[in-house]
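Step one of this worksheet: look at the structure below.
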Amino acid sequence: MINFITEDINYSLFINHSREERVRIERWIRAVAAGYGFAVGDITYIFCSDERILEVNRQFLQHDYYTDIITFDYSTPSRISGDIYISLDTVASNAQELGIAFEDELLRILIHGVLHLTGQGDKTPETKAVMTAKEDAALAILPLYR
């Protein structure tokens, strides 16, 4: 099951979107995971503020900085599961900096978390480049689910 919730903000893109739109996004996520050989278990996207993601980063990872996404991986060898915190403040500032629509950047971050659950890292310039290419490939198939 894929869930979209908020923690400390009022955000309704996925919560109040039509059921059809949520199903489309969920089918896309499942298809991307399947492309890497995984079924989807329980994934919870937690949309939050910069302050909340900083709290999570400090508490669980001992990192003292803001970020756009933190992925907690509960996957098994064949099924991805996890909690994915997304700072909508950082997504918005990244979208503005890149000159793209907020929703486009959010979709990239949604799939970024899924790619982490499939085992893709992004800590080095090389793995970050691979991650970006995989995000681009996933975003390219999204129109198939419209």
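This one's a predicted model, so the numbers in the text were calculated from it and none came from an experiment. Counting from 1, the numbers follow the sequence of the chain as shown.
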With a 4.5 Å heavy-atom cut-off, do [X] and [Y] have their side chains touching?
X: Phe38; Y: Val114; value: no
X: Thr71; Y: Leu117; value: yes
X: Ile46; Y: Ile86; value: no
X: Ile70; Y: Ile53; value: yes
X: Leu106; Y: Leu88; value: yes
X: Phe4; Y: Glu26; value: yes

Path from [X] to [Y] over hydrophobic side-chain contacts below 4.5 Å:
X: Leu139; Y: Ile141; result: yes
X: Leu142; Y: Val32; result: yes
X: Leu144; Y: Leu110; result: yes
X: Val23; Y: Val40; result: no
X: Ile84; Y: Phe102; result: yes

Check: Arg52 side chain, Asp8 main-chain N or O, donor-acceptor pair, under 3.5 Å: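 Answer holds: no.
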Side chain Trp28, main chain Ala138, donor-acceptor under 3.5 Å: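 Yes: the side chain of Trp28 pairs with the backbone of Ala138.
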Steps toward side chain to side chain contact (heavy atoms under 4.5 Å, CB included) verdict (Phe47, Ile5): CA-CA 6 Å; Phe47 301 117; Ile5 64 172; over 6 Å; no
Is there a donor-acceptor contact under 3.5 Å linking the side chains of [X] and [Y]?
X: Asp42; Y: Ser81; answer: no
X: Asn57; Y: Tyr85; answer: no
X: Asp50; Y: Ser87; answer: yes
X: Thr90; Y: Ser93; answer: no

Non-hydrogen atoms of [X] and [Y] that approach each other most closely:
X: Ile69; Y: Ile109; value: CD1-O, 3.5 Å
X: Cys48; Y: Glu7; value: CB-CB, 4.4 Å
X: Leu115; Y: Tyr36; value: CD2-CE1, 3.6 Å

More than 12 heavy atoms of other groups within 6.0 Å of Gln96 CD: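 Incorrect, the count does not exceed 12.
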Selection residues 132-141 - residue pairs positive for side chain to side chain donor-acceptor pair (under 3.5 Å), sequence neighbours left out: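 Those involving residues 132-141 are Arg108-Glu135, Arg108-Asp136, His112-Glu135, Gln120-Lys134.
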Check against side chain to side chain contact (heavy atoms under 4.5 Å, CB included), Asn3 and Ile43: CA-CA 6 Å; Asn3 296 300; Ile43 297 175; over 6 Å; no
Between CZ on residue Arg22 and CZ on residue Arg24, distance to nearest 0.5 Å: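 Rounded to the nearest 0.5 Å, the CZ-CZ separation comes to 13.0 Å.
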Contacts of type ring-ring contact (aromatic ring centres under 6.0 Å, His included), residue Phe60, not counting sequence neighbours: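 Expected list: Phe72.
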Counterpart residues, salt bridge (charged side-chain N to carboxylate O under 4.0 Å, His left out), relative to Arg58 (two or more places apart):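 Partners of Arg58 by the salt bridge (charged side-chain N to carboxylate O under 4.0 Å, His left out) criterion, ordered by chain and then number, come out as Asp64.
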Side chain to side chain contact (heavy atoms under 4.5 Å, CB included) assessment of His116 paired with Met131: CA-CA 9 Å; His116 274 310; Met131 174 70 88; 3.6 Å; yes
Derivation and outcome, side chain to side chain contact (heavy atoms under 4.5 Å, CB included), residues Ile25 and Tyr45: CA-CA 12 Å; Ile25 297 296; Tyr45 286 97; over 6 Å; no
